[in-house]
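Written below as structure tokens is the structure these notes are about.
Worth knowing before you read on, the calculation uses all heavy atoms, side chains too, and leaves out hydrogens, waters and symmetry mates. Residue numbers begin at 1 in each chain, while the letters A, B, ... track the order of the sequences.
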Protein chains: 2
Amino acid sequence: MELSNSLNTKQMERADRRVGRSGAPDRPVLASGLLPQLLGYQLRLAHLAVFGDFSASVGSLGITPGRLGVLLLVEANEGVAQTPLAAAAGLDRSTMVPLLDQLEQSGWLERRRGPDRRTNGLWLTVAGRDFLARAKVRIRAHERRIAARLSAKERAELIRLLGLLRSG
Amino acid sequence: MELSNSLNTKQMERADRRVGRSGAPDRPVLASGLLPQLLGYQLRLAHLAVFGDFSASVGSLGITPGRLGVLLLVEANEGVAQTPLAAAAGLDRSTMVPLLDQLEQSGWLERRRGPDRRTNGLWLTVAGRDFLARAKVRIRAHERRIAARLSAKERAELIRLLGLLRSG
DNA sequence: TATTGTTATACTCTATAACTATA
DNA sequence: TATAGTTATAGAGTATAACAATA
């Protein structure tokens, strides 16, 4: 899953500047050598462009893509404990602690003591639901933007090919 | 370019465990909610899988993908100064300093005083060339592995679609 | 004055190991 | 003993600001 590992604010700005919608990326004057022939490199550039747009769009709501991803996971699994949530997000459970602290401080989720009293169940607050509704508007706009040059068929084909890559 | 920002050893191992070739990824028991429908998320998973394979393959040579990328850029632009190299790699020039220190300590490149005596020209050493030759063998094997499930036509189509995404 | 490489410093994201409370 | 959450700590990768040398 690996929802975190997200760009921070500064990195978002740099990614934006480099690959954003403001026209041509400021291409290095340097030769790129072997790099452009590599599938992984092309994948990285595309990921960077898409993720940069996502970060800029979602970031202005005051959250990073990683934290938003965690919030979406909690939405889909209300009452989930921290350790399985961390596993689903591809993070260590110790890494999840301060991340959840922040989401809790923002008032978007809360920890409730579970039946097994070692665990915390995670629940969205009303504010958290409101926030997610607003975030999803941004997400939809983002999806429209990045897929603007693809037909529905091409979009589906891209997802299929990405899946093949992943299962390789 | 953004060659760095690479996975470290620990992250490589985790990525490997999660998406590697050892069979099924250990899927979270959790519902994934909105996430799987997002193009950016699918892109991220594919990138993670490919980058994990690349890291594992290249990492056993004692270098991170980010540093190897810088080495490839120097190969394609011998004599380049630090600042334009940093720009091409998407890094700050201050970030490039310790990175180049390491490559220099590994004996793969050297700084030579340029005609403008404020600058260092960067040059591969003989050992650096040898190393790159070995690394390229790994890179080719990696490309074969990740594209194993794609026909030549599909591979080309994937690159085309990724390009469309990027120029969106 | 401006630029290059450098240093000092700090921030983000992440992990491991050890602690505590519960089981 | 084992597990869940937490804390303390560390490391990788990155940036900004300020400095010395050179232009």
Side-chain angles (χ1 to χ4, degrees), chain A residues 1-18 48 51 55 59 63-70 79-104 109-122, chain B residues 1-18 48 51-52 55 59 63-70 79-87 89-104 109-122:
Chain A
M1 281 255 180
E2 196 76 13
L3 299 167
S4 298
N5 198 334
S6 20
L7 298 176
N8 61 32
T9 310
K10 292 294 161 44
Q11 287 171 327
M12 287 189 240
E13 283 163 7
R14 294 194 310 116
D16 239 34
R17 206 182 313 132
R18 215 158 48 246
L48 197 66
F51 203 58
S55 297
I63 194 172
T64 62
R67 301 202 209 303
L68 179 59
V70 167
V80 68
Q82 296 185 194
T83 294
L85 179 64
L91 298 174
D92 190 86
R93 68 190 206 273
S94 69
T95 305
M96 191 54 76
V97 173
L99 196 163
L100 292 173
D101 287 346
Q102 274 204 284
L103 293 177
E104 204 170 17
L109 61 73
E110 55 186 14
R111 292 164 158 114
R112 295 190 205 154
R113 177 175 291 175
D116 178 336
R117 297 225 312 267
R118 289 173 303 185
T119 65
N120 293 326
L122 299 168
Chain B
M1 282 258 180
E2 195 77 13
L3 299 168
S4 299
N5 198 333
S6 19
L7 299 175
N8 63 31
T9 309
K10 293 294 161 43
Q11 288 173 326
M12 287 189 244
E13 282 163 9
R14 293 194 311 115
D16 239 34
R17 205 182 317 133
R18 216 159 45 248
L48 198 65
F51 203 59
S55 296
I63 195 173
T64 63
R67 301 201 209 303
L68 178 59
V70 166
V80 67
Q82 294 184 195
T83 294
L85 178 64
L91 298 173
D92 190 86
R93 67 189 206 272
S94 70
T95 305
M96 192 52 78
V97 173
L99 197 163
L100 292 173
D101 287 348
Q102 274 203 286
L103 293 177
E104 204 170 18
L109 61 73
E110 54 187 16
R111 293 163 158 113
R112 295 189 204 154
R113 177 176 289 176
D116 177 338
R117 297 223 315 264
R118 290 173 303 185
T119 66
N120 293 328
L122 299 168

- prompt: Atom CG of D101(B) and atom C1' of dT7(C): how far apart are they, to the nearest Å?
  reply: 11 Å
query: Partners of T95(A) by side-chain hydrogen bond (donor to acceptor under 3.5 Å, both in side chains), sequence neighbours excluded?
result: none
task: Starting from C1' on dC13(C), measure out to CG on L100(A) and report it in whole angstrom.
output: 15 Å
message: Expressed as a whole number of angstroms, how long is the span from Q82(B):CD to dT7(C):P?
response: 10 Å
- prompt: At what distance, to the nearest 0.5 angstrom, does CG of L103(B) lie from CZ of R111(B)?
  reply: 9.0 Å
- line: Taken to the nearest whole Å, CZ/F51(B) to P/dG13(D) is 10 Å
Between dA12(D) (P) and I63(B) (CD1): distance, integer Å: 15 Å
message: Just to verify, what does R117(A) make a salt bridge (Lys or Arg N to Asp or Glu O under 4.0 Å) with, not counting sequence neighbours?
response: none
Spacing between L91(A) atom CG and dT6(D) atom C1', to the nearest angstrom: 16 Å
message: If the condition is side-chain hydrogen bond (donor to acceptor under 3.5 Å, both in side chains), which residues does R93(A) pass it with, not counting sequence neighbours?
response: none
- request: Give the B/S/- string for nucleotides 17-23 of chain D, one per nucleotide from 5' to 3', where a protein heavy atom under 4.0 Å of the base yields B, of only the sugar-phosphate yields S, and otherwise -.
  value: B---BBS
- prompt: Given atom CG of L99(A) and atom P of dT7(D), what is their separation to the nearest angstrom?
  reply: 15 Å
- line: L85(A) atom CG is separated from dA4(D) atom C1', nearest whole Å, by 13 Å
statement: For S94(A) and P98(A), the nearest pair of non-hydrogen atoms, with its separation, is O-CD, 3.3 Å
message: What's T119(A) touching, base or sugar-phosphate or nothing? Going by heavy atoms closer than 4.0 Å.
response: sugar-phosphate
- prompt: How is the base pairing of DNA chain C summarised as a dot-bracket string, given the Watson-Crick and G-U wobble criteria with both distances under 3.5 Å, [ ] for crossing and | for another strand?
  reply: |||||||||||||||||||||||
query: Got a sec, which residues hit salt bridge (Lys or Arg N to Asp or Glu O under 4.0 Å) with R112(A), two or more places apart in sequence or on another chain?
result: E110(A)
field: Considering all heavy atoms, the nearest L91(B)-M96(B) contact
entry: CD1-CE, 4.0 Å
query: What is the minimum heavy-atom distance between L68(B) and I63(B), and which atoms define it?
result: N-CD1, 3.5 Å
- prompt: If we only count heavy atoms from C-beta on, is the N120(A) to L100(A) side-chain gap below 4.5 Å?
  reply: no
message: Whether R111(A) contacts dT6(D) is assessed here as follows: a side-chain N or O lying under 4.0 Å from the phosphate OP1 or OP2. Is that the case?
response: yes
query: Contact class for T83(A) vs. all strands (heavy atom < 4.0 Å): base, sugar-phosphate, or nothing?
result: sugar-phosphate
